[in-house]
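What you see below is based on every heavy atom in this structure, not just the backbone, and it leaves out hydrogens, waters and symmetry mates. Residue numbers start from 1 in every chain, and the chains themselves are labelled A, B, ... in the order their sequence lines are given, proteins ahead of strands. Bear in mind the structure is a predicted one, so any value in this text is a computation, not a measurement.
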Amino acid sequence: MMTKGLSKQIVEEVSVYKKDPFWMTKLRLQALEYFQKAPMPASPAQRGEPAFGGDLSGLDFDKIHYFIKSGNGVKHAWKDVPKEIKRTYDKLGIPKAEQKFLAGVSAQWDSEMVYGSLLKDLKEQGVVFLSMDEGLQQYPELVKEYFGTVIPINDNKFASLNSAVWSGGCFIYVPPKVSISLPLQAYFRINAKNIGQFERTLIIADRGSFVHYIEGCTSPVYTTDSLHAGVVEIIVKHGARVRYTTVQNWSKNVYNLVTKRAKVEENGVMEWVDFNNGSKLTMKYPSALLVGRGAKVDMLSLAMAGAGQVQDTGGKAIHLASKTSSVIRSKSISHHGGKTSYRGLVKIAPGVKDVKSKTICQALIMDERSKSETYPAISAIGANCELSHEATISKISEEQIFYLQSRGIEKEEAEAMIVNGFIKPLVRELPMEYAIELNQLIRLEMEGAA
Amino acid sequence: MKSNFEVKGLSVEVDPSSHEASTFAEAPVDKSARRGKRVVFGVNLTVKSGEVHALMGPNGSGKSSLALVLMGHPAYQAVSGSVELGGKNLLSLKPNERAKLGLFLSFQNPVAVPGVSLGQLIWSSYKSITGDGKADIREFYETVKKQAKNMGLKEEMLERFINDGFSGGEKKKAELLMLLSLQPKFVILDEIDSGLDVDTLKKAAEVVNQLVKKGTGVLLITHNQKILKYVKPNVVHVLKEGRIVKSGQVKLAREIEEKGYAGI
């Protein structure tokens with residue numbers, strides 16, 4: 001167990017423990033410098049303009065553990081995974097069946113990967129699916145070529161922090177024309193007080209390949225504030241398609257500050273499916289840099305905020321090439337006094353032509369105490385561009401509940417029916433067991449039991 | 001089994017702070033004066049199983065308020081009196097519990113509920129009210145589809161969110177469709193006739209008459225007596241300023257048409 005707080009010494013210790021190559025140690029230390037120099041993103045109230053959301057004044061960097069090891073390193077067989085860890089997975093209701101049906105499973109425990117397995121046929125196709133730590137050890141050249149190219153180490157304060165102390169996460173490489181039909185999955189959890197979890201994920205989908213990666217996050221409740229600052233970089237090469245699905249449920253004291261970005265080359269397709277539940281404050285805006293002609297991004301997100309929670313989420317599409325298109329569909333539910341904000345950005349670079357972009361924001365407010373806000377930003381200079389933005393905010397009214405009740409339906413059931421109808425477009429995009437888990441989660445949330 | 005519907009000495013106040021109530025009663029200027037506004041005064045009404053009672057009255061006379069309080073709308077408070085269906089007191093029950101005892105309100109202007117489709121609502125209501133755990137959803141849908149078609153409602157309507165973008169006529173037809181599949185013991189029809197063309201009005205009357213034949217009691221709230229050509233009431237009541245001022249036979253409705261409410 002290491003001490004709280006962050007210093008050059010801690011970063012060096014992490015690097016030594018992980019047997020980093022020299023360039024990675026250097027990168028970490030440089031990132032640390034950027035982190036220390038970068039100001040905290042100001043809260044909207046301090047700044048007077050809503051550009052980047054959320055109040056971070058409760059976050060104390062000195063009270064966070066930056067690295068914790070657990071278990072005995074990376075396990076490759078399920079039978080070697082410690083019993084108590086398996087018990088927790090059971091409690092979280094992770095279906096056993098997925099081990100058989102899904103192509104590979106890797107789960108992070110504390111800050112380390114403790115379980116990773118990969119089916120033979122994937123290996124034979126040349127697919128690499130490892131923890132980021134293993135990836136760096138086994139494919140140092142590949143990692144070096146792409147690490148930090150989509151999200152530079154000085155991108156923002158939290159991306160710098162992640163770059164300095166990252167641990168765990170996933171490394172995926174899909175060779176040209178290989179299409180992985182079943183989703184690859186990983187579970188991330190925070191399971192001890194004050195653990196900063198800084199997982200780092202890098203996905204490279206080579207020309208004409210396809211991969212669907214799912215991360216599911218749930219975590220038990222803690223008494224002190226925790227920080228999750230992940231970084232996800234995705235490279236979608238010529239004609240490739242990547243779908244990245246997140247189902248997360250951080251405990252309600254976690255600051256969830258994640259930087260996710262994809263670089264999409266010619267005719268590539270990036271799909272973000274993002275469900276944000278739990279946490280004290282989530283600031284997350286999956287992005288896509290559309291760098292090649294005909295590149296596409298499709299983002300579908302759902303944020304849910306209850307008592308004392310803020311979900312500041314959205315999407316960013318940066319059109320850097322002609323004939324690129326983006327669709328951002330954002331849904332949010334605020335209840336029991338929670339607050340959701342949509343913060344988006346659609347940017348079209350000068351000289352870029354024939355761009356299509358559509359943003360649809362829909363907010364559902366469950367009661368008088370809850371709030372929802374929308375901050376879209378569009379900056380376009382290009383010619384012949386079709387841009388649209390729609391935003392609707394609806395409130396569940398006493399009248400709607402009464403109407404359903406008058407048809408014999410209980411109040412709670414009536415609310416659940418409305419919410420389920422609202423989230424259907426997102427749930428449809430999820431594999432069955434996630435859809436079930438998600439519906440259960442939402443029901444618990446609505447009842448105030450989660 | 002007889003399921004008489006009995007209202008005794010019912011007085012009703014509406015909560016002026018309620019959003020919904022504001023369309024029925026003016027909100028008080030002084031917010032501290034949260035006392036409810038009285039909208040129904042000592043109403044007595046006994047509708048026996050298989051009987052039809054028409055309730056007529058000018059705009060703002062309290063007809064819809066009465067319908068809403070009988071169903072249990074949260075903005076309306078019964079301050080005195082009792083309401084019973086088949087001998088069971090309804091006033092202390094939630095709207096869904098009243099529905100389970102066999103009460104049905106067809107709304108004058110039913111609210112849209114985005115996210116919940118008409119078909120889904122009919123199925124959920126049916127399961128919830130009948131408690132029929134063995135019902136087969138496909139069989140049920142086949143029946144509902146036929147009923148919808150018969151009502152002149154397109155099959156696709158079942159997939160649409162309830163009342164969301166429905167025309168006035170479609171809303172009424174959807175209400176009738178639910179009425180038909182739930183087969184309640186007592187029905188309050190709040191201006192089921194408004195906005196319906198003659199053909200649909202006849203169909204609506206058919207639905208009501210079928211239920212009446214099976215013993216359902218009906219409180220038919222209406223503005224004009226067009227529907228009374230097709231649904232024959234046993235009794236006509238006139239509600240003015242929250243009070244039943246006169247009760248009589250069908251000829252009372254004709255009298256109203258000739259003289260207006262002022263003459264009653």
Considering all heavy atoms of both residues, which atom of B:N96 and which atom of A:I409 are nearest to each other, and what is their separation? CB-O, 3.4 Å

Return yes when atom NZ of A:K296 has more than 12 non-hydrogen atoms of other residues, nucleotides or ligands closer than 6.0 Å, and no otherwise. no

Would B:L121 and A:Y403 satisfy side chain to side chain contact (heavy atoms under 4.5 Å, CB included), going step by step from the backbone distance to the final call? CA-CA 11 Å; B:L121 179 56; A:Y403 180 65; 4.0 Å; yes

Would you say the side-chain atoms of A:E399 and B:H73 include a donor-acceptor pair closer than 3.5 Å? yes

Is B:M71 in contact with chain A via its backbone, its side chain, both, or neither, using a 4.5 Å heavy-atom distance? both

What verdict does the side chain to side chain contact (heavy atoms under 4.5 Å, CB included) test give for B:E97 and A:Q405, after you've listed the backbone C-alpha separation in whole Å, the side-chain angles of each residue and the deciding distance to 0.1 Å? CA-CA 8 Å; B:E97 292 166 334; A:Q405 274 186 298; over 6 Å; no

Do the ring centers of A:F402 and B:F107 come within less than 6.0 Å of each other? yes

Could you check whether any side-chain N or O of A:S406 sits under 3.5 Å from a backbone N or O of B:P95, counting only pairs where one atom can act as donor and the other as acceptor? no

Checking heavy atoms, do the side chain of B:L101, its backbone, both or neither come under 4.5 Å from chain A? neither

Measure distances from B:F104 to the heavy atoms of chain A and classify the residue's part below 4.5 Å as side chain, backbone, both or neither. side chain

Under 4.5 Å heavy-atom distance to chain A, tell me which part of B:S106 shows up: side chain, backbone, both or neither. backbone

What is the distance from atom OG of B:S124 to atom CG of A:L404, rounded to the nearest 0.5 Å? 9.0 Å

Could you tell me if the side chain of B:K94 sits less than 4.5 Å from the side chain of A:K411, heavy atoms only? no

Closest non-hydrogen atoms of B:V111 and A:Q400, given as atom of the first, atom of the second and distance, are CG1-CA, 3.8 Å

Does B:S128 use its side chain to pair, donor to acceptor, with the backbone of A:G408 at less than 3.5 Å? yes

Closest non-hydrogen contact found for B:I129 with A:R407 is CD1-O, 3.6 Å

